[in-house]
Protein chains: 2
Amino acid sequence: MISDPNDVRENNLRMVLDMIREAGTISRVDIARAAQLSRSTITNVVNELLPTDLIHESGTVSSVVGRRPILLEFNYDARALLGVDMGASHLTVVAMNLGGRVLAIRRESFPVLTNPDQSIAEIQRLLREVQAEAGYDQEKTWGIGIAVPSPLEGEKLDRLSPIIMSHWIGVDLKREIRAAMRLPVFVDNDANMGALAEKWWGHGREVHNLAFIKVATGVGCGLIINDTIYRGEGGTAGEIGHTSIDVNGPLCRCGLRGCLEAMTGVPAILAAVQAELDNGRPSLLAGKAVTVADVVAAARAGDPMPIEVIQRAGRYLGLAIANLLNLVNPGLIVLGGSVTEAGDMLLSPLRQTVRERSFAKSNAEATITMSRLGEDAVAVGAATLVIQQLLHVPGMPILQVIGGKM
Amino acid sequence: MISDPNDVRENNLRMVLDMIREAGTISRVDIARAAQLSRSTITNVVNELLPTDLIHESGTVSSVVGRRPILLEFNYDARALLGVDMGASHLTVVAMNLGGRVLAIRRESFPVLTNPDQSIAEIQRLLREVQAEAGYDQEKTWGIGIAVPSPLEGEKLDRLSPIIMSHWIGVDLKREIRAAMRLPVFVDNDANMGALAEKWWGHGREVHNLAFIKVATGVGCGLIINDTIYRGEGGTAGEIGHTSIDVNGPLCRCGLRGCLEAMTGVPAILAAVQAELDNGRPSLLAGKAVTVADVVAAARAGDPMPIEVIQRAGRYLGLAIANLLNLVNPGLIVLGGSVTEAGDMLLSPLRQTVRERSFAKSNAEATITMSRLGEDAVAVGAATLVIQQLLHVPGMPILQVIGGKM
DNA sequence: AAAGTTAGTTTTGTTGCGAAACAAATTGGT
DNA sequence: ACCAATTTGTTTCGCAACAAAACTAACTTT
């Protein structure tokens, strides 16, 4: 709520900076027109921003008649952000610039869920590596975002779920990383971070509401509602993995029956393959210790059994997504996570089911795509969280953040 | 987005008026403290509000020491709002004051879906009746809200769904009522209006996110997200009635199979009763043309068959609500619509299913209640929409609305 | 009665906006 | 080459709205 004229300037500063960032290059008049402010005000605001290294003037552009506008350009490389994707069994760490470009990346397998202390040490090591590779010193690094495979609970949404991350009870991830790296740290759910990444840099830039569905070991959903992450009243929104698909379905790790996750998560897909093999079904996969990549590879090679398994998963996902569309009516559904490596083999039956199960015409025609950012989506989203928190959260002293006059 | 000092006053005016309205009576200091503004500013703002008849000073209240604060009191009876609930087969029209108190009400059966012209004439007649009974003249009536049993589509969310309201294609409800009554008219979906009513006057006052589920001929869901009605990207959010409960379930009027509506809507319940009777099941209901009220009455009398039918509906609803809780995590679920007359008979199995099917602990403990406003909820919500649109929508010239100096 | 306390008002100073005037940079016509 | 027309950006000025501080009002305690 803006209620005093001081906040008006802060607010306008934020808005103008945001417009330049989104446009890349833009002139003062164009800002004035789009922001519904006078040119004189924009001059003043821009003069406050120019001393920071976040924007600079960069020549002119030809116009039909009259003085040529001076372009203001955003320095996407002025700062770096660090992002961590803590998977159940892997780590991805990125350094990113302000334009969403990945400057350095590390990916490795690690038993995160069961080893909190070692995980934190490993995350620190990887953070320092990418920070060094990207070549940004401490002052030019704005902060660290961490995506965790768990909903965040508690008053301040800062506690990991004890159900999913039982080994992490009592560990203060945020504090430990902040103390070690001496940078601001923000923690959020992995599916939310995927959604944020797609909203900022991926397919979601033009829509106000989208859902990012991550299908990996767990099945989660990040919701962007009215352009911002929606967490729900208690912080557990988006648990699509535990919506019921089949009341009499298999038992899920959460204790319920027939959850989407128990039917399309990685363990479920591997179990389905194993069950078919045990039934004596012939397949290229017989006698191997299979991974999702193996299943996808065999399916691509034309092996009928894995194809069937993947298509079945697609139909289950389609059912859950159709229900999501009917209920939440987002403008876009983005799919991420390892299971989406299956590509069209998964997407075709999924889309078919959505068409069959959508009420409104707009939903039947809803755009459903694979993540544009692929495997990196969650880590990139985590890094993006830092920008979002520092620049978009009201009350953040923006001049201090960007290093303007104080 | 507030960006010029002119809007600052408008914004503060709105905020202060809102605080007095919500508090009923409040002193200037308390407003200053809560609004984070100086006492001098509040004095000025209040001095702009006092000439309108929306607030007045009303004596003092004792304090521990020092000058007693002067209470400012909101005149809930200064204006009236009219609300219309267009059901599929009934009409409810209310006149309401600014405090959510119903001043006059008309309820009657009417085949709304199939007779647009007659419906509009009838609505006008009822509107004039309640307006007269409430005793407010034209100037003291702020406007009319209309709830329709259809999602609103199109760019400006002003077109009725042709699927649900096929007889109404081409009818401009808003324009016709506005022309006849010479008052501002706002139209929205019925479940949204129920949700709005519960958020303003019912059980939802303390939560930021809630779902109002209306179980009648159709099954709809209004969502309040971050304290405002959420409509989705295309305006069709909340269609819980057409989420899939059983892939092999009965055919729904929408063309899909196993929709919640096809299993718990009024026609579904009556069909279930009929099917049991046709099977030769003994019951008090045998040989009668039954309504939902009959089914509930028989169940209350201890007749096992209708009890079973109602409990089954409760379990289906519970399943859909559990999925809603997992996905959207609202702080409250409110049930409305004629089917909820069944009371605990419906609610107990519903709550039981929710407990069984909720992932997060917070959801298993989610509050699920019957509407506090009962049958009137939707009509009251429609009237409330007028307040919300006139006072809360940025850009509305508030001083003009409230009749301050211009 | 005097001192202390809290509520509300008035005065004064500051901030930040828009409007208007102005300066700068460009095109096009004569 | 020069001047009018046009558009961008800056400067000046007046106005609106806020906070701070001084002040008045009303009340309690000593």
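We use all heavy atoms of the structure for the numbers below, so side chains are in, but hydrogens, waters and symmetry mates are not.
The CG atom of B:Leu71 sits 13 Å away from the P atom of D:dC27 (whole-angstrom rounding). To the nearest angstrom, P of C:dG16 lies 10 Å from CG of A:Asn12. Whole-Å rounding puts the A:Asn47 CG to C:dG16 P distance at 14 Å. Rounded to an integer number of Å, the gap from CG of A:Asp30 to C1' of D:dG9 is 13 Å. At whole-Å resolution of the value, CD1 in A:Ile31 and P in D:dT10 are 11 Å apart. We find that CE of A:Met15 is positioned 14 Å from P of C:dG16, with the value rounded to whole Å. Across the protein-nucleic acid pair, B:Arg9 atom CZ and C:dC17 atom C1' stand 15 Å apart, rounded to whole Å. Between A:Ile42 atom CD1 and C:dC17 atom P the separation is 9 Å, expressed in whole Å.
With B:Asp172 contributing its side chain and B:Arg175 its backbone, the two residues share a donor-acceptor pair below 3.5 Å. Between the A:Tyr136 side chain and the A:Met96 main chain, no donor and acceptor come within less than 3.5 Å of each other.
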I'd like a list of close polar pairs between nucleotides 22-30 of chain C and the protein, N/O only, cut-off under 3.5 Å.
| residue | atom | partner | partner atom | Å |
| --- | --- | --- | --- | --- |
| C:dA25 | N3 | A:Arg67 | N | 3.2 |

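The 5' end of DNA chain D is approached more closely, in terms of each residue's nearest nucleotide, by A:Arg33 than by the other of A:Arg33 and B:Ser38.
Applying the salt bridge (Lys or Arg N to Asp or Glu O under 4.0 Å) test to every pair with at least one member in residues 58-78 of chain A, sequence neighbours left out, gives these pairs: A:Asp77-A:Arg101.
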Problem - Verdict with reasoning, B:Lys140 to B:Asp137, per salt bridge (Lys or Arg N to Asp or Glu O under 4.0 Å) - result: CA-CA 6 Å; B:Lys140 299 245 165 181; B:Asp137 58 19; over 6 Å; no
Exercise for the section: Please test A:Asp227 against A:Lys199 for salt bridge (Lys or Arg N to Asp or Glu O under 4.0 Å), starting from the C-alpha separation and ending with a verdict. Expected result: CA-CA 8 Å; A:Asp227 296 320; A:Lys199 168 68 192 162; 2.9 Å; yes
Practice task
Take A:Glu22 and A:Arg205, measure what salt bridge (Lys or Arg N to Asp or Glu O under 4.0 Å) needs, and give me the verdict at the end.
Solution key: CA-CA 10 Å; A:Glu22 262 169 44; A:Arg205 271 170 293 189; over 6 Å; no
Practice task
Take A:Leu81 and A:Thr141, measure what side-chain contact (heavy atoms from CB on, under 4.5 Å) needs, and give me the verdict at the end.
Solution key: CA-CA 6 Å; A:Leu81 303 318; A:Thr141 309; over 6 Å; no
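If you check every strand for non-hydrogen atoms under 4.0 Å, A:Ile70 touches sugar and phosphate atoms only.
OP1 and OP2 of D:dT10 both lie 4.0 Å or more from every side-chain N or O belonging to A:Asn44. Taking only side-chain nitrogens and oxygens, B:Thr43 never comes nearer than 4.0 Å to OP1 or OP2 of C:dG8.
For A:Ser40, taking side-chain heavy atoms from C-beta onward, the closest of the listed nucleotides D:dG9, C:dT10, D:dT11 is D:dT11.
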